[in-house]
J.: 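I'd like to ask you about the structure that follows.
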Amino acid sequence: MESAENRSEEFAVGCLLSIKTTFGEQFQAQIITFDRPSNLLIQEGIKSVAGPKRNIRLLKANYIKEFTFLGQGDDPLDITKCFVDLNALQAREESAIRQAEMDAERIGVGVTSEAQSIYDALSKTLPVRWDKSVIVVMNEVRVASPYLPESVKGGTAAANERVRKVLELERKRLQSRNTSQ
């Protein structure tokens with residue numbers, strides 16, 4: 001067993017080490033890299049079966065109480081052994097972009113925070129979208145500024161009544177929030 005301060009040159013890429021930390025934790029790992037300026041050791045836990053999942057650990061070398069050199073392993077950064085599912089990454093990216101676009105569509109441009117709050121309240125129970133500064137509910141009912149129950153136009157009588165009810169309740173909630181501040 002050796003102390004980490006005396007043998008930092010042993011932290012070469014690919015080394016297999018048995019490490020004991022100052023916290024009493026003991027594990028085996030392969031060194032991916034060692035950054036001298038930050039004294040940071042990046043290692044991968046040794047596993048018995050090769051596969052796409054990796055257990056990467058970052059550890060300040062001064063938290064290593066002692067270690068034992070177990071041997072030299074294969075290059076952990078070998079590109080031919082990397083398991084990156086590009087299709088899954090691309091699908092995640094596309095999903096994130098779609099979600100960001102949907103989130104952006106929910107934000108009214110040039111509307112007051114009160115109008116946005118009303119939109120958000122309506123969107124919890126009804127399909128809504130913005131048409132410039134007009135809130136369109138269920139693709140038929142339109143609510144224009146100043147977003148009062150009297151501002152509700154179009155659609156069936158039942159749809160109109162439902163939107164008016166949500167508007168009234170949201171306006172009461174906004175008023176009570178403003179008076180309590």
Side-chain angles (χ1 to χ4, degrees), residues 21 23-25 27 29-30 32-33 35 37-60 63 76-77 79-181:
T21 68
F23 305 112
E25 186 180 10
F27 57 91
Q30 181 179 25
I32 294 175
T33 189
D35 182 55
S38 65
N39 203 28
L40 197 62
L41 184 66
I42 292 99
Q43 72 255 348
E44 176 181 6
I46 297 175
K47 55 189 175 188
S48 57
V49 179
K53 295 191 181 203
R54 300 176 81 174
N55 185 15
I56 305 295
R57 181 188 295 226
L58 283 71
L59 180 69
K60 290 286 255 185
Y63 290 116
L77 302 175
I79 194 87
T80 62
K81 294 182 182 173
C82 286
F83 296 99
V84 178
D85 184 351
L86 293 178
N87 291 330
L89 281 177
Q90 191 172 23
R92 284 181 63 189
E93 177 189 30
E94 289 169 2
S95 173
I97 289 170
R98 276 193 309 275
Q99 185 62 46
E101 288 169 347
M102 287 174 21
D103 291 347
E105 287 174 4
R106 289 187 199 117
I107 300 170
V109 178
V111 298
T112 63
S113 61
E114 180 184 55
Q116 187 64 51
S117 293
I118 290 168
Y119 177 92
D120 293 341
L122 287 167
S123 72
K124 289 178 184 174
T125 57
L126 300 167
V128 294
R129 64 179 171 83
W130 284 105
D131 180 15
K132 296 187 174 60
S133 64
V134 176
I135 301 172
V136 180
V137 185
M138 299 181 288
N139 283 328
E140 56 181 90
V141 180
R142 300 175 66 80
V143 184
S145 182
Y147 310 103
L148 297 170
E150 300 80 46
S151 305
V152 176
K153 305 280 187 252
T156 64
N160 256 320
E161 191 55 39
R162 173 78 176 132
V163 172
R164 280 193 182 102
K165 186 87 162 163
V166 174
L167 265 174
E168 288 172 8
L169 293 172
E170 183 60 17
R171 284 213 161 269
K172 285 179 186 174
R173 192 182 67 77
L174 288 172
Q175 276 182 336
S176 68
R177 187 188 320 158
N178 289 339
T179 56
S180 66
Q181 289 180 353

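Along the sequence shown, the residues carry numbers beginning at 1.
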J.: Output every pair passing ring-ring contact (aromatic ring centres under 6.0 Å, His included) with a member in residues 139-160, not counting sequence neighbours, ordered by first then second residue.
T.: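 Residue pairs with at least one partner in residues 139-160: there are none.
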J.: Between Arg98 and Glu93, is the salt bridge (charged side-chain N to carboxylate O under 4.0 Å, His left out) condition met? List the steps.
T.: CA-CA 9 Å; Arg98 276 193 309 275; Glu93 177 189 30; over 6 Å; no
J.: Could you tell me which non-hydrogen atom of Gln43 sits nearest to which non-hydrogen atom of Ala29, and how far apart they are?
T.: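 Here Gln43 and Ala29 meet closest at CG-CB, 3.4 Å.
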J.: Short question: side chain of Ser117, backbone of Ser113 - any donor-acceptor pair under 3.5 Å?
T.: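 Side chain of Ser117 to backbone of Ser113, a donor-acceptor pair under 3.5 Å: yes, one is there.
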J.: Is atom CZ of Arg92 surrounded by more than 12 heavy atoms (other residues, nucleotides or ligands) closer than 6.0 Å?
T.: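 No - once you tally the heavy atoms of other residues, nucleotides and ligands closer than 6.0 Å, there are 12 at most.
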J.: Quick one: list whatever passes side chain to side chain donor-acceptor pair (under 3.5 Å) with Gln99, sequence neighbours left out.
T.: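 So Gln99 forms a side chain to side chain donor-acceptor pair (under 3.5 Å) with Asp103.
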J.: Using side-chain heavy atoms (C-beta onward) and a distance below 4.5 Å, is Glu44 in contact with Asn55?
T.: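 Contact flag for Glu44/Asn55 side chains = no.
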J.: Which heavy atom of Ile107 sits nearest a heavy atom of Trp130, and at what distance?
T.: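 Here Ile107 and Trp130 meet closest at C-NE1, 3.7 Å.
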J.: Taking atom CD of Glu140 and atom NZ of Lys153, what is their separation to the nearest 0.5 Å?
T.: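 Spacing of CD (Glu140) from NZ (Lys153) equals 15.5 Å.
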J.: Would you check if Lys60 and Leu40 make a side-chain contact, meaning some heavy-atom pair closer than 4.5 Å?
T.: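 Yes, their side chains come closer than 4.5 Å.
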J.: Ignoring hydrogens and angles, write down the donor-acceptor pairs under 3.5 Å from the side chains of residues 158-169, residues two or more places apart or on other chains.
T.:
from	atom 1	to	atom 2	distance (Å)
Asn160	ND2	Gly154	O	2.9
Arg164	NE	Pro149	O	3.1

J.: Could you report the tightest heavy-atom contact between Ile135 and Ala115, atom names first, then the distance?
T.: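 Shortest heavy-atom contact: CD1-O, 4.1 Å.
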J.: Does the side chain of Phe27 reach to within under 4.5 Å of the side chain of Thr21, using non-hydrogen atoms?
T.: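 A side-chain contact exists here, since the closest heavy-atom pair is under 4.5 Å.
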J.: Provide the closest heavy-atom pair for Ser151 versus Pro146 in the form atom of the first, atom of the second, distance.
T.: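 The pair with the smallest heavy-atom distance is OG-CD, 3.6 Å.
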J.: If you look at every heavy atom in Gln116 and Arg106, which pair is closest and at what distance?
T.: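 Here Gln116 and Arg106 meet closest at NE2-O, 2.8 Å.
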J.: Would you sort out whether Arg142 and Asp131 count as a side-chain contact (heavy atoms from CB on, under 4.5 Å), showing the intermediate values?
T.: CA-CA 9 Å; Arg142 300 175 66 80; Asp131 180 15; 2.9 Å; yes
J.: Under 3.5 Å, is there a donor on one side chain and an acceptor on the other for Ser38 and Asp35?
T.: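 Asp35 and Ser38 do have a side-chain donor-acceptor pair below 3.5 Å.
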J.: How far does CD of Gln90 sit from OG of Ser95, to the nearest 0.5 angstrom?
T.: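 With rounding to 0.5 Å, CD (Gln90) is 12.5 Å from OG (Ser95).
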J.: Applying side-chain contact (heavy atoms from CB on, under 4.5 Å) between Val128 and each of Ile118, Val137, Asn139, Val141, report the one that passes.
T.: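 Result for side-chain contact (heavy atoms from CB on, under 4.5 Å) with Val128: Val137.
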J.: Measuring from atom OH of Tyr119 to atom NZ of Lys124, what distance do you get when rounded to the nearest 0.5 angstrom?
T.: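 Between Tyr119 OH and Lys124 NZ, I get 13.0 Å after rounding to 0.5 Å.
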J.: Determine, stepwise, if the pair Lys132 / Val134 fulfils side-chain contact (heavy atoms from CB on, under 4.5 Å).
T.: CA-CA 6 Å; Lys132 296 187 174 60; Val134 176; 5.9 Å; no
